Amino acid sequence: MNSSAVGGRRILSVVGPHSNCGKTLFVVQVVRIFRGLGCLKISPASPRADSGDASPAFWLEEPARIDRRDSDTGRYRAAGAAAVERLRHHGGCLPEAMALALSRFPLAMPLIVESSSAVPLIDPVAVLLVLRWPVTEMKPATQSILTRVTDVLINAGQEDTATATGLGQVAQQFPELRPRYCWRVDLRCEDLPEALIRRLGDVLAATPVH
């Protein structure tokens with residue numbers, strides 16, 4: 001599956017080295033800024049316990065689970081996403097699973113896809129890597145697509161005052177990482193920089209809410 005196979009969709013891939021690095025905080029901010037975005041979260045999962053030996057290799061979560069307020073997808077919905085899906089999968093079925101998940105979104109709807117494993121399948125317009133400094137872990141799925149990262153966002157707290165030093169340390173730690181753009185923001189309490197908002201508008205061809 002590549003960009004032509006997914007119908008020329010405008011897709012921003014959001015990836016991270018591990019959980020709790022700030023991906024959800026970032027996506028929530030983007031959804032609040034731009035109208036009409038779809039969000040697809042992709043997660044590996046164990047076989048469904050309620051299906052016995054007939055457990056499917058992949059499935060889309062039910063709306064009631066997607067909309068739970070304590071879930072990432074619930075936060076996307078509450079922030080104003082036009083459509084939200086969560087794909088669960090196990091085994092080697094991701095290409096087939098992606099085709100099903102993408103079919104749930106209108107072709108013209110710009111999408112944010114949160115998944116490292118999906119990047120080679122969908123050929124996104126941009127791949128944004130969210131890092132929380134210091135980086136102590138890099139999951140294999142993200143390590144394998146670092147050369148495709150176009151943007152790095154360092155989710156840095158107020159204690160991180162030397163942005164350039166942080167980016168230099170990231171480059172030393174992951175020499176295959178060659179982003180075109182680097183950003184720094186404390187996603188817990190700061191808005192996205194205006195330059196990044198303009199960049200996202202170009203990537204998604206999306207219109208700001210205000």
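Computed from a predicted structure; not experimentally measured.
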Just how far is it from atom CD1 of I122 to atom OG of S115, taken to the nearest 0.5 Å? 7.0 Å
Worked check of side chain to side chain contact (heavy atoms under 4.5 Å, CB included) between I42 and M98: CA-CA 9 Å; I42 302 173; M98 282 297 303; 3.1 Å; yes
Say whether, by atom type as modelled, one donor and one acceptor occur between the side chain of R86 and the main chain of L40 under 3.5 angstrom. no
Decide yes or no for I11 and V125: does some side-chain heavy atom of the first lie under 4.5 Å from some side-chain heavy atom of the second? no
Please examine the side chains of L129 and L153, heavy atoms only from C-beta on, and report whether any two atoms are closer than 4.5 Å. no
Minimal heavy-atom distance between V113 and A118, with the atoms involved, is CG1-CB, 4.4 Å
Charged N to carboxylate O under 4.0 angstrom, R180 versus D151? no
Does E190 use its side chain to pair, donor to acceptor, with the backbone of R184 at less than 3.5 Å? no
Heavy-atom check, side chain of H89 versus side chain of W59, under 4.5 Å: no
Could you tell me which non-hydrogen atom of T142 sits nearest to which non-hydrogen atom of M138, and how far apart they are? CG2-SD, 3.5 Å
R35 side chain vs R32 backbone, donor-acceptor pair below 3.5 Å: no
Backbone N or O of L60 within a donor-acceptor pair of the R88 side chain at under 3.5 Å? no
Separation between CD of Q172 and CG of L177, rounded to the nearest 0.5 Å: 13.0 Å
Under the side chain to side chain contact (heavy atoms under 4.5 Å, CB included) criterion, do V135 and F174 qualify, and how do the steps go? CA-CA 10 Å; V135 182; F174 305 105; 3.8 Å; yes
Using a strict 4.0 Å threshold on nitrogen-to-oxygen distance, state whether R148 and D123 make a salt bridge. yes
Nearest 0.5 Å please: distance from the SG atom of C21 over to the NZ atom of K139. 7.5 Å
Supply the atom-to-atom distance E114 CD to S43 OG, rounded to the nearest 0.5 angstrom. 7.0 Å
Go through F58 and L100 one step at a time and tell me if the side chain to side chain contact (heavy atoms under 4.5 Å, CB included) criterion holds. CA-CA 10 Å; F58 58 87; L100 172 64; 3.6 Å; yes
How far apart are the closest heavy atoms of R10 and A205, and which atoms are they? NE-CB, 4.2 Å
Strictly distance-based, threshold 3.5 Å: is any side-chain N or O of R69 a donor or acceptor partner for the main-chain N or O of A78? no
What is the minimum heavy-atom distance between L196 and W183, and which atoms define it? N-CZ3, 3.4 Å
Search all heavy atoms of P110 against all heavy atoms of L204 and return the closest pair with its distance. CB-O, 3.4 Å
Is there a side chain to side chain contact (heavy atoms under 4.5 Å, CB included) between L25 and R188? Walk through the geometry before answering. CA-CA 7 Å; L25 291 173; R188 297 166 296 181; 4.3 Å; yes
Mind checking the CG-CG spacing from D186 to D191? Nearest 0.5 Å is all I need. 11.0 Å
Please check: side-chain N/O of N155 versus main-chain N/O of L131, any donor-acceptor pairing under 3.5 Å? no
Under 4.5 Å between any side-chain heavy atoms of I145 and T147, yes or no? no
Please confirm whether the backbone N or O of V127 pairs with a side-chain atom of S13, one donor and one acceptor, at under 3.5 Å? no
pair R9-M109: side-chain heavy atoms closer than 4.5 Å: no
Check whether any side-chain heavy atom of P179 sits under 4.5 Å from a side-chain heavy atom of T150, and report yes or no. no
Spell out, as yes or no, whether a donor-acceptor pair under 3.5 Å connects the side chain of Q29 to the backbone of L192. yes
Under a 4.0 Å threshold between the charged nitrogen and the carboxylate oxygen, would D202 count as salt-bridged to R199? no
Would you say V14 and F26 make side-chain contact, with heavy atoms under 4.5 Å? yes
Point-to-point distance, once rounded to the nearest 0.5 Å, from OH of Y181 to CG of L128: 12.0 Å
Smallest separation among heavy atoms of A57 and C93, with atom names: O-SG, 3.3 Å
Please examine the side chains of C39 and L111, heavy atoms only from C-beta on, and report whether any two atoms are closer than 4.5 Å. no
